[in-house]
Amino acid sequence: MPPAGDAAHAPPPPHRRLVFAFYLTGHGFGHATRAIEVVRHLIAAGHEVHVATAVPEFVFTAELPRSPSSQGLLHIRRAILDCGAVQTDALTVDPLASLLKYHETAVVPRESILRTEAEWLTSINADLVISDVVPVACRVAADVGIPSVCIGNFSWDYIYAEYIVASGDHHRSIVWQIAEDYSHCDILLRLPGYCPMPAFRDVTDVPLVVRGLRKSRSEVRKELGIAENAKVVVFNFGGQPAGWNLKQEWLPDGWICLVCGASDSQEVPPNFIKLAKDAYTPDAMAASDCMLGKIGYGTASEALAYKLPFIFVRRDYFNEEPFLRNLLEHYQSSIEMTRRDFLHGHWKPYLLRALTLQPCYDGPTNGGEVAARILEDTAVGKKCISDKFNGARRLQDAIVLGYQLQRAPGRDVAIPDWYSLSETEVGACPISENIKTKESTESCFEDFEILHGDLQGLPDTMSFLKSLSEFNQSELKSNGKQPQERIAASVLFDWEEEMYIARAPGRLDVMGGIGDYSGSLVLQLPLREACHVAVQRNHPSNQKLWENTQARRLENGGMEPVVQIVSFGSELSNRSPTFDMKLSDLMDVDKPISYEKAREFFCRNPSQKWAAYVAGTILVLMTELDVKFTDSMSILVSSDVPEGKGVSSSASVEVATMAAIAAAYGLNIAPRDLALLCQKVENHVVGAPCGVMDQMTSACGEANKLLAMVCQPAEVKELVAIPNHMRFWGLDSGIRHSVGGGDYGSVRVGTYMGRKMIKCAASDLASESSVSDAPVQSNDYKQNAIELLKSEASLEYLCNIPPHRYEAIYAKDIPEVITGDAFLKKYGDHDDTVTAIDPKRSYNVKAPTRHPIYENFRVETFKALLEAANTDEQLSALGELMYQCHYSYNACGLGSDGTDLLVNLVQEMQHRNMSKGESPSLFGAKITGGGSGGSVCVMGKNCLKSSEEIIEIQQRYKAATGYLPILFDGSSPGAAKFGYLKIRRRPSSPIAAK
């Protein structure tokens, strides 16, 4: 993100007085305290601020300075436009009451609110609407035609998502309405410690907004009669008087506790001091040695700013907390006190431990000033420093929001660990392991304690855990009939230590296919079949080693970290089920070995070449992210995604492995980034020239939705719900597919050759046009034509050329075939980093060049048709697009007899029904993925007749070929949606006792 702090050095503010309408939520005083800082700077600049809020007026008048120059600039208007969270006490939110209160406050009177607020904004001649973070304010501003800016570290759609989980889906319309209101906001000024906020399109990160000090530490202590050397804790639970019965023995000897927000009737022991209700909290904090309280933006930001150790007690149903907690923990500013210890007065160990913390926040704290300057610039139409959400960022936010909406009731607030905070504020740090789904965060499945994560009701995940629980070392060793992979797996892990499990599905290529490496839009469905990977890290001295690994270590006389891998199902493919290596094998002195050397390393033993997909993730993390692995690693791979079927078995292994390793080592990798890293594994370590759609679908997909992604290089457009009347199946042809095969690679070379030819032709045409004297319609027309040619001369993605442009300008000059030698002599190189041209080989060029250009158009049309009315005409049009794609694959040389037969059988079914005057059930089919065998995708009605016809196709294919096609039917979540499991064998388990 660009440093928003630079805005403080922007040109002086405008001279004319601006009018700001500041909508402030009534939820707690934390919002008010940061709003005051922004208002202070706006008023100091001579602007007029109208605040609409339910917060009492004295909160503003007591804090803002009064001077002759500021008279008449601040106006407070009481307005109740939202309700925040309804709290039963300082630590507990009532979810249902909060939703009902919001419905009563903002939903029932919505039309009246919109009308009243529009009239008010017009009456004060507002230049800009500011919202912290009242949803309806953004909609009103849009209705009136006034720009709006939100300020905050969370939005209410995310907060209320948790309440809906607890209180019922019938309240979901509240979240959707809030998100829709926020979508009208022009800019979000996002504060450190932010939550997912997917509704906002344009974001600027600003520094902490913190109130300044008025008195020194010594002055405050002197006024309160506290010695300079006394230890002081400030008791700060916000504006919610708790009425707790505080006791003298709760503090260490000689300690003093300053109590904020105490009621007038509350009595406190002699070592507790009640502060006045209007006491300035930042001064009390700066005069203290630590703080005990609940996490909110105000307490967290000021604890960071004043480097005050913060002992916090968690709150129920408070989604903002995990993100602020991560911020505090990153800067070594906090420790957690359990609620039980807090309520029972076991404070002393926490207070003493807090003194050992060394808070280290050194970031800017002038967020109020920075925000005010941006607001001024926005009000006068200047473009502020902003960073529009890219696809990955918005996808992360959307997935986290969906995660909240779908979690099981009764679970404490949690967030997926891959969700990263702002790199400009806290760096790329993982969510702390202290963030758990419950204070006791353990649920049981058979022999395991599940310390983190959720099975999400996935049968294959339950089966994987069951298979782990069935390992019995002595029985497996004594039973010669047991597969070697199970014997090796039984001694792979230390069952008393934690293991991390990730899951990543295969994918069905609905549309797009090989257009991915040319930048096409693709539509991909994550399959029900998935790969599970379990990872355990151990100190080299504690790792359980296989006998052969142990022998090699003894021979070398060292204690080097070792990687041991077991792959279930390997022996069915005539592969060695185990692989082990020293981590130093991936190092060249003090840096990782090159990808080329790694490829050679894994190719030494063909039966273990499969390990490149797994261990290659380690090398990529070392190379691309500079991760230092010093522990030994044990990895178990178990995949239900069949190999060679064109459904991304390799991508599921790569994604699941990297996700599990990231979880085990606390690496916070965004799903999109993880997919791109896994593509590097396949491109550079394995040596297969695939695009990125497989890894993206496996990492970012959602069950029963098509991942719509523009592969430039990997930007998710949206998750497209499959219409209820429609269904997709996958049918395996039995012909093994491999993206590492020659056909796939040669077609890719031909495609890149065609791109190079188009770029060269465009460059020549642009040069000729610029000097040509030929008459044209106008100078503007000529200039536009030249600019278009110049852009095509620097073309990065072939799919950015529309079909009509290709046919009109370039198609006639693209040869059907060219030899590698002829191409290299004329064009130099094809500019593809993952394939090489063989000078002695002939390459098809025209069909591979034409395919992605037309495929991108077909996919865009397909996506648009998904939203059309439910008719046979809609399904027929979708099916025609699939058929066209299939035969375009064939023209490229990527077809096969088996896939052609399956597509023909679908067409026969369709035409048979039509000849009888009946409506078809199946409407389209196409080869998938890299082609040359593998599976076909079939599309039809979601009805019983379609399923019966799919079975008939299987039987007819078997009768013709002797092979019964595997059927892929169903969908499941991607790796990001699944998150990860952290498990440990229960102590009473037989294996744990061995």
Side-chain angles (χ1 to χ4, degrees), residues 1-14 18-25 29-53 55 60 63-65 73-74 126-134 137-138 141 146-155 182 185-195 197 200 202-212 282 296-298 300-302 304-305 324 327 363-387 422 424-425:
M1 293 247 174
D6 291 350
H9 305 292
L18 299 171
V19 178
F20 295 93
F22 202 138
Y23 287 89
L24 179 63
T25 183
F29 287 168
H31 296 265
T33 57
R34 70 190 185 202
I36 286 168
E37 284 304 300
V38 177
V39 171
R40 183 195 314 278
H41 287 283
L42 291 174
I43 290 177
H47 302 307
E48 187 175 344
V49 182
H50 296 255
V51 180
T53 184
V55 174
F60 287 84
E63 296 237 6
L64 291 170
L73 297 183
L74 176 64
D127 294 293
L128 182 72
V129 168
I130 311 167
S131 177
D132 183 0
V133 269
V134 180
C138 305
I146 300 172
S148 62
V149 176
C150 280
I151 302 176
N153 62 304
F154 70 79
S155 54
Y182 283 141
C185 174
D186 293 276
I187 304 168
L188 168 66
L189 301 186
R190 188 171 59 180
L191 297 167
Y194 58 84
C195 296
M197 291 184 273
F200 297 95
D202 205 349
V203 177
T204 295
D205 284 313
V206 297
L208 288 175
V209 178
V210 177
R211 293 178 289 178
Y297 180 81
S301 62
E302 289 172 354
L304 288 167
L324 292 171
L327 188 67
T365 58
N366 63 333
E369 176 188 358
V370 171
R373 183 59 55 85
I374 293 174
L375 294 171
E376 288 178 315
D377 289 345
T378 305
V380 297
K382 292 183 180 179
K383 181 171 178 60
C384 72
I385 302 168
S386 66
D387 178 35
S422 169
T424 60
E425 293 298 331

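Since the structure is predicted, the reported quantities are computational estimates derived from the model, not experimental observations.
- In this structure, the side chain of Y297 does not engage the main chain of F154 through any donor-acceptor pair within 3.5 Å.
- Not counting sequence neighbours, the partners of A52 by the side-chain contact (heavy atoms from CB on, under 4.5 Å) test are Y23, R77, A79, W120.
- Contact annotation: the side chain of V206 approaches that of L191 to within less than 4.5 Å [non-hydrogen atoms, C-beta and beyond].
- The CG atom of L208 lies 10.0 Å from the CD atom of E302; values are rounded to the nearest 0.5 Å.
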Could you go through L74 and I43, starting from their C-alpha distance and side-chain angles, then the distance that decides it, and tell me whether this counts as side-chain contact (heavy atoms from CB on, under 4.5 Å)? CA-CA 7 Å; L74 176 64; I43 290 177; 3.8 Å; yes
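- The CZ atom of F22 sits 14.0 Å away from atom NE2 of H50, with the distance rounded to the nearest 0.5 Å.
- D127 CG to I146 CD1: the interatomic distance, rounded to the nearest 0.5 Å, is 8.0 Å.
- Checked against side-chain contact (heavy atoms from CB on, under 4.5 Å), A305 has the following partners two or more places apart in sequence or in another chain: V210, T365.
- Taking E37 as the reference, R40 meet the salt bridge (Lys or Arg N to Asp or Glu O under 4.0 Å) condition, with sequence neighbours excluded.
- When all heavy atoms are compared, the tightest approach of D132 to G152 is OD1-CA, 4.4 Å.
- S131 is linked by a side chain to side chain donor-acceptor pair (under 3.5 Å) to nothing, counting only residues two or more places apart in sequence or in another chain.
- Between V51 and T53 the shortest heavy-atom distance is CG1-CG2, 3.8 Å.
- In this structure, I130 and L42 have side chains that are in contact, with non-hydrogen atoms separated by less than 4.5 Å.
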Please lay out, stage by stage, how L189 and L375 fare under the test side-chain contact (heavy atoms from CB on, under 4.5 Å). CA-CA 9 Å; L189 301 186; L375 294 171; 4.3 Å; yes
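- Atom CD1 in I36 sits 13.0 Å away from atom NE2 in H31 (nearest 0.5 Å).
- For the pair G212 and P282, the tightest heavy-atom approach, listed with the atom from each and the gap, is O-CB, 4.3 Å.
- Minimum interatomic distance between L324 and P192 (heavy atoms only, all atoms of both residues): CD2-O, 4.2 Å.
- Y182 pairs by the ring-ring contact (aromatic ring centres under 6.0 Å, His included) definition with F200, not counting sequence neighbours.
- Here the CG-CZ distance, from L24 to R34, works out to 8.5 Å after rounding to the nearest 0.5 Å.
- Under the ring-ring contact (aromatic ring centres under 6.0 Å, His included) criterion, H41 pairs with no residue at all, not counting sequence neighbours.
- In this structure D186 satisfies the side-chain contact (heavy atoms from CB on, under 4.5 Å) test together with P147, S148, sequence neighbours excluded.
- Taking both residues in full, the closest heavy atoms of G368 and V209 are given as N-CG2, 3.7 Å, listed atom of the first, atom of the second, then distance.
- The distance from atom CG of D377 to atom CD1 of I187, rounded to the nearest 0.5 Å, is 9.5 Å.
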